[in-house]
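Heads up: the structure comes next, in structure tokens.
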Amino acid sequence: MKVLKYLLIFIPISIIGEFMNLTPTVMFVLAALSIIPLAGLMGEATEEIAFYTGSKVGGFLNATFGNATELIISIFALKEGLFDVVKASIAGSVIGNILLVLGASMLFGGLKHKNQTFNKQVIEVSSSMLLFAAIGLCIPAIFTYTISPSLLNTKYEGLSIIVAIIMFIIYILSLVFSFYTHKDIYSSEPEDDGHVKWSLKKSIFILAIATILIAIESEFLISGVDSLSETLGLSEFFVGIIVIPIIGNAAEHSTAVVMAIKNKMDVAVEIAIGSSLQIILFVAPILIFLSLLSTPMSIVFNSFELVSLIVSVLIVNRVASDGQSNWLEGVQLLSVYFIIATGFFIL
């Protein structure tokens, strides 16, 4: 995290660059380098707030604001009408979290501790919920591929909205499940893993400032997507599914790996799977609802995105089902991620 703070220098540089009318590609790079430390600062602020609110509420805030960067970037992409980028970033965040983040966590954690364990009950609940969420995300696409094109104009936009509403309701119910009716499953031994560095007011202030700056940088970032794609010969799918999720979740990714190295695999797994769940059940529906204010966006993925999502969820369910992990399982997850990334690169 200390290394990331050095990247904060790119915030004033990017703002100056905007006034100097630098090329969109340069602005994309400057914005990306600015968002990474801001996301880390946002995560640090929520961790400090957790000392005052308690670990359970703090964990929820951490997961929510951990995806706030992704949500803000997607909102600006939505505003620009870059629906393919928005949908690709949703799929990319899920794939990146459960393959790249979890894979790296299992690899580096396993290299240090050989075999690691995590709460099997929690993972069973999260994994089954993830499978349901992925199916819900894929149904509109399967619908469009199997229904006569003449019927799509009247039915398929409404299907995306209904699926979004159902997923959002499931998200609310999952909070009730974990916070109230089955909170004993999620209970863990309290850990004294640090001390308060910031006051509550300072933490909230930093969180607010980081959120505002991320919104500003996100506009710079999205304005450079087309230019970056043309300059480097990258497809919008690759930028959305690989580049943007890595930028938005870099700090969260590093936290999961650090937790795994500290042999806190429960935390690492929860960051990876929990964040993916929130992307599908909370971020995606919110984006669908916001799109209704102008041009409605459907959650219809292309065939490769669809297969990538399902394969990623299935392999993670298989790997995490025994409540244990090792470095070889990490390598397997990373291998699948890089194969998928290569596919999108040449798409």
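Counting begins at 1 with the first residue of the sequence.
How far OG of Ser227 is from CZ of Phe28: 10.0 Å, rounded to the nearest 0.5 Å. Rounding to the nearest 0.5 angstrom, the gap separating the CG atom in Leu38 from the CD1 atom in Ile209 is 10.5 Å. Atom OG of Ser126 and atom CD1 of Ile98 lie 12.0 Å apart (nearest 0.5 Å). The distance from atom CD1 of Ile216 to atom CD1 of Ile15, rounded to the nearest 0.5 Å, is 5.5 Å. Once rounded to the nearest 0.5 Å, the distance linking CG of Leu107 with CG of Leu102 reads 11.0 Å. Rounding to the nearest 0.5 Å gives a distance of 7.0 Å between CG of Leu22 and CG of Leu30.
Residues Ser34 and Ile11 approach most closely at OG-N, 3.4 Å, considering heavy atoms. In terms of heavy-atom proximity, Met129 sits nearest to Ser174 at CE-CB, 3.8 Å. Taking every heavy atom of both residues into account, Ile247 and Ile36 meet most closely at O-CG1, 3.7 Å. Residues Ser105 and Gln116 come closest through the heavy atom pair O-OE1, 4.4 Å. The two atoms that bring Ser312 and Leu99 nearest to each other are OG-CD1, 3.2 Å, heavy atoms only. In terms of heavy atoms, Leu221 sits closest to Ala32 at CD1-N, 3.8 Å.
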**Request:** Please test Ile165 against Phe289 for side-chain contact (heavy atoms from CB on, under 4.5 Å), starting from the C-alpha separation and ending with a verdict.
**Result:** CA-CA 9 Å; Ile165 292 171; Phe289 299 151; 3.9 Å; yes
**Asked** After noting the C-alpha distance and the side-chain angles of Leu71 and Leu287, does the key distance pass the side-chain contact (heavy atoms from CB on, under 4.5 Å) rule?
**Response** CA-CA 8 Å; Leu71 178 61; Leu287 292 171; 3.9 Å; yes
**Message:** Show, in sequence, the C-alpha distance, side-chain angles and deciding distance for Val101 and Val257, and conclude whether the side-chain contact (heavy atoms from CB on, under 4.5 Å) test is met.
**Reply:** CA-CA 7 Å; Val101 179; Val257 174; 5.6 Å; no
**Message:** I'd like to know whether Leu290 forms a side-chain contact (heavy atoms from CB on, under 4.5 Å) with Leu293, so could you lay out the CA-CA distance, the side-chain angles of the two residues, the decisive distance to 0.1 Å, and finally the verdict.
**Reply:** CA-CA 6 Å; Leu290 289 175; Leu293 299 176; 4.3 Å; yes
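Proximity of Trp198 to Ile206: side-chain heavy atoms (C-beta onward) are separated by under 4.5 Å at one or more points. Residues Leu306 and Ile142 meet the side-chain proximity criterion, which asks for heavy atoms closer than 4.5 Å. The shortest distance between side-chain heavy atoms of Ser276 and Leu130 falls below 4.5 Å. Between Val307 and Ile310 the shortest side-chain heavy-atom distance does not fall below 4.5 Å. Two residues are said to be in side-chain contact when any heavy atoms from C-beta on lie closer than 4.5 Å; Pro296 and Ile161 fail this criterion. Looking only at side-chain heavy atoms (C-beta outward), Asp322 and Lys120 stay at 4.5 Å or farther from each other. Between Ile273 and Ser127, the closest side-chain pair of non-hydrogen atoms falls below 4.5 Å. Looking at heavy atoms from C-beta onward, Phe282 lies out of side-chain contact with Leu175 at the 4.5 angstrom threshold.
In this structure, the side chain of Glu48 does not engage the main chain of Ser199 through any donor-acceptor pair within 3.5 Å. Without hydrogens or angle criteria, Glu124 side chain to Gln121 main chain gives no donor-acceptor distance under 3.5 Å. Proximity of a side-chain donor or acceptor of Asn326 to a complementary backbone N or O of Glu329 within less than 3.5 Å is detected. Counting only distance, with no hydrogens or angles, the side chain of Ser291 and the backbone of Met297 share a donor-acceptor pair below 3.5 Å. No side-chain donor-acceptor contact under 3.5 Å links Ser275 to the backbone of Ala272. Distance alone, capped at 3.5 Å, places no donor-acceptor pair between the Ser298 side chain and the Ser160 backbone.
Taking the ring pair (Phe, Tyr, Trp, His ring centres under 6.0 Å) definition, one finds that Phe83 meets it with nothing, sequence neighbours left out.
For Trp327, the CH2 atom is loosely surrounded, since the number of other residues' heavy atoms within 6.0 Å does not exceed 12. More than 12 heavy atoms of other residues, nucleotides or ligands sit less than 6.0 Å from atom CG of Leu292.
Thr231 pairs in a side-chain hydrogen bond (donor to acceptor under 3.5 Å, both in side chains) with only one of the listed residues (Thr25, Asp226, Thr23), which is Thr25.
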Taking only distance into account, with no hydrogens and no angle test, what donor-acceptor pairs under 3.5 Å do side-chain atoms of residues 332-347 form with protein atoms, sequence neighbours excluded?
from, atom 1, to, atom 2, distance (Å)
Ser335, OG, Val331, O, 2.7
Thr342, OG1, Phe338, O, 2.7

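In summary, the side chains of Thr117 and Gln324 do not present any donor paired with an acceptor at a separation below 3.5 Å, with no hydrogens or angles considered.
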